[in-house]
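Step one of this worksheet: look at the structure below.
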Number of protein chains: 2
Amino acid sequence: MTFVDRLKTANSQSWNAAVEHRFVHELFAGTLNDDRLAGYLVQDYQFCDAYVALLGAATASAPDLATRLPFARQLGAFAGAEDDYFGNSFDELQVPAEQRSKPVLRPATAEFIALMTSAGQSRSYPHALAVLVVAELLYRDWATSTLPWPDAPKHRGWLEVHNNPDFNAWVDWLVEQLHTHAPTLDSLRDDVAATFARAVELELAFFDACYS
Amino acid sequence: MTFVDRLKTANSQSWNAAVEHRFVHELFAGTLNDDRLAGYLVQDYQFCDAYVALLGAATASAPDLATRLPFARQLGAFAGAEDDYFGNSFDELQVPAEQRSKPVLRPATAEFIALMTSAGQSRSYPHALAVLVVAELLYRDWATSTLPWPDAPKHRGWLEVHNNPDFNAWVDWLVEQLHTHAPTLDSLRDDVAATFARAVELELAFFDACYS
């Protein structure tokens, strides 16, 4: 069992609740209403800054060039495709500019941004990985559901971003990195596990906030 | 006059000596001998790790998402095209694997790596920019010479990497960033200027080392 398998198991209740969330089912079914989707995307977009900063910090704290390059590729991919999806969907959903850039943050959003920022500023490669693995693997877990895909680009595009060969390989690589670079010292390992657990909780709270 | 214009002027002797270096003339003329080119590329390749880490640190220390994204794109581009050029050229020049990854570092190489690393670890956005502007703008300055281009991929490829529309736009953007984010406090500004000057000296020393 890898380190990540153990962490997933230890947090399986929240993990599965997020992966099987009503939001996910409605997204696949294409029944997610526009207000809810717009509210979700606006909040999710607020992570982009902290997420890109965290990828940058991981690039800087990774042990060598071979390990830095996958982060570099992911940064390049993010700056292209994912940023495009947000822009196109905001246009289609007629989200005003101010709402895109300066919305009121929901508590789960603000707390997740704080977690990403602190993981990046820690300069600790395993802490950065713990947050990234949750953010990416949990999303891949629901996006690789066997449900049929919706047609509308606003729904389908979000699946395409989180289930495609490049993304899937990137997530496998992240998981393997966290296994390889898990701290051997118990106290540090517990710290990384706590960061992982907090990130899972926040992912679930982030979906829940769409229905409260 | 922008901040970068003033820094270039203050270091014009070394800057011009690098841009007009014998190495550059031989590269354009296609007369650079293979041993010299291989030696140069092996040393240059040793920067990649510190350069990618520095771009990561700049991504993390940049002030906002709009400013992080160009670094993200450059990281993506670097992980693709530039890394390919090295691999292909090393193959063609029959550089052994150990020589690619663990050569004896020339003094200018070791000192430039130290400068990049310290700029990245400073978490100071203007310091990171000072090193990046020298590394990129000085290369663009010689690569945009009006001399005719050589045919062999091992020569031409190095020009293509440093003179193409994406690279040229990236360098313009870096220059503008350093102008915008130049510290206003004199002592910090002097620090950034000293980092810039040191980087220019090392670029010249790096070319000189190919002929010593």
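Basis for what follows: all heavy atoms, side chains included, without hydrogens, waters or symmetry-related copies.
- The candidate from Leu69(B), Leu54(B), Thr67(B) with the greatest count of non-hydrogen atom pairs under 4.5 Å with chain A is Leu69(B).
- Gln121(A) and Arg123(B) get closest at one heavy-atom pair: O-NH2, 3.0 Å.
- A distance-only check finds no donor-acceptor pair linking the side chain of Arg68(A) to the backbone of Cys48(B) [under 3.5 Å].
- Across Thr117(A), Leu55(A), Leu75(A), Asp64(A), the residue that shares the most heavy-atom pairs under 4.5 angstrom with chain B is Leu75(A).
- With chain B as partner, the option from Ala72(A), Gly76(A), Ala60(A) having the largest number of non-hydrogen pairs under 4.5 angstrom is Ala72(A).
- With a 4.5 Å cut-off on non-hydrogen atoms, Phe47(B) does not touch chain A at all.
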